[in-house]
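Shown next, in structure tokens, is the structure this report addresses.
Whatever order the structure lists them in is the order used to number ligands and atoms, beginning at 1.
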Amino acid sequence: MKLDTLLKLKTIKLFLLMLPVLLYSSCLGEPPASMNTTSYSVTKPDHVFHWKMTTTWPPNFPVLGEVAEKYAKWVDEMSNGQIKIKVYGGGELVPPLEAFDSVSQGTIEMGCGAAYYWAGKTPAAQFFAAVPFGMNSQQLTAWMETGGGYELWKKTYAQFNLVPFMGGNTGVQMGGWFNREINSIEDFKGLKMRLPGIGGKVLEKAGGAAVLVAGSEIYTSLERGVIDATEWVGPYHDYKMGFHKIAKYYYTPGWHEAGTQLEFFINKGLHDRLPLHLQSILEGAAKRAQVWVLSEFDKQNGIYLNKLVNEDKVEIREFSKETLDALRGYTKEAIEEMIGDDPISREVYESYSSFQNKIGAWSKVTEKAYYNKIQE
Ligand code: CA
């Protein structure tokens, strides 16, 4: 090859190598016209989905009702207006506890609640909300996200034509308001308490009576002595219910609800026909809800606990270790009875318990040690 031909080839090669740099430099000189504008115009979607969401909470319920509204807003923004969700409080469209069936049948597109409301449909549902002496929010999220829990939740709900999403967590709840001291397990004998779900079954094994009282009637029932005690959520919600005006002792911890997981659920047929990016948006917005709800609970409960203790002079009491150990024993019996020989519930229980055992050992040497030794 002649020298001048070789030089030409080398020049061309160098030019090609430099091309990206040259192009980039020319871009730096003059920004595209679109960068000078404050916003980009994005084509509006051809098809807009108009959905209804029915919740199991009263309209405008603090935190839980608020997050349903936020979810609708986030989905609208993320989908560029392609999914519009109108939120209804419990009872506005259907009674609160009909949300599951209505979404399952497709008469309403989606719902918001807590899986333990559906324990009558399948006992497995309890594990996706809260079981006594179960995992706290951090541990439950780990089970769901990376420990196989979410796959089992989807499998459980698929039987009912539903797709679930995690939609927030209350964090550890309080043990409840009592008008008598609880110094040992014996003090539960004859105690009439509003305590739903498995917690209520445990109370009955301890000799108490679990009384079913609607949220709106708890205050008067406690005031008139129809019940001796009640649990609700935590300082923020409890303060608004006014329990501190009529009960003597506020007990901790909420052994029956160590961090209740909340949920959104969507009709599965409808969900599965959506394009993948919209499915992803529905799940992504729920993840945002998961973070917001626990954060809001932690903030508000911190503020209202101080109010209760410092302004209203509420006496915080702790259940003794012996009392809690006895309740734990009854819980194992109650869960075994609940599951019976239902295969999917047993599968969920085994996954849940083995994960709780594994992560419990880790939490003990880290989280628990930290709280005990540093944040006393
Ligand atoms: Ca509760």
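- With 3.0 Å as the limit, T170 does not count as an N, O or S neighbour of the Ca ion (ligand 1).
- The closest approach of E231 to the Ca ion (ligand 1), by N/O/S atoms, is made by OE1.
- Taking the N/O/S atoms of E257 in turn, the shortest distance to the Ca ion (ligand 1) belongs to OE1.
- Checked against the 6.0 Å centroid threshold, Y251 and F319 count as a close aromatic pair.
- Between the side chain of Q279 and the backbone N or O of H271, at least one donor-acceptor pair lies under 3.5 Å.
- With hydrogens and angles left out, the side-chain atoms of Q159 and T122 include no donor and acceptor closer than 3.5 Å.
- Side-chain N/O atoms of E109 and N267 include no donor and acceptor closer than 3.5 Å.
- At a cut-off of 3.0 Å, W232 is counted among the residues with an N, O or S atom near the Ca ion (ligand 1).
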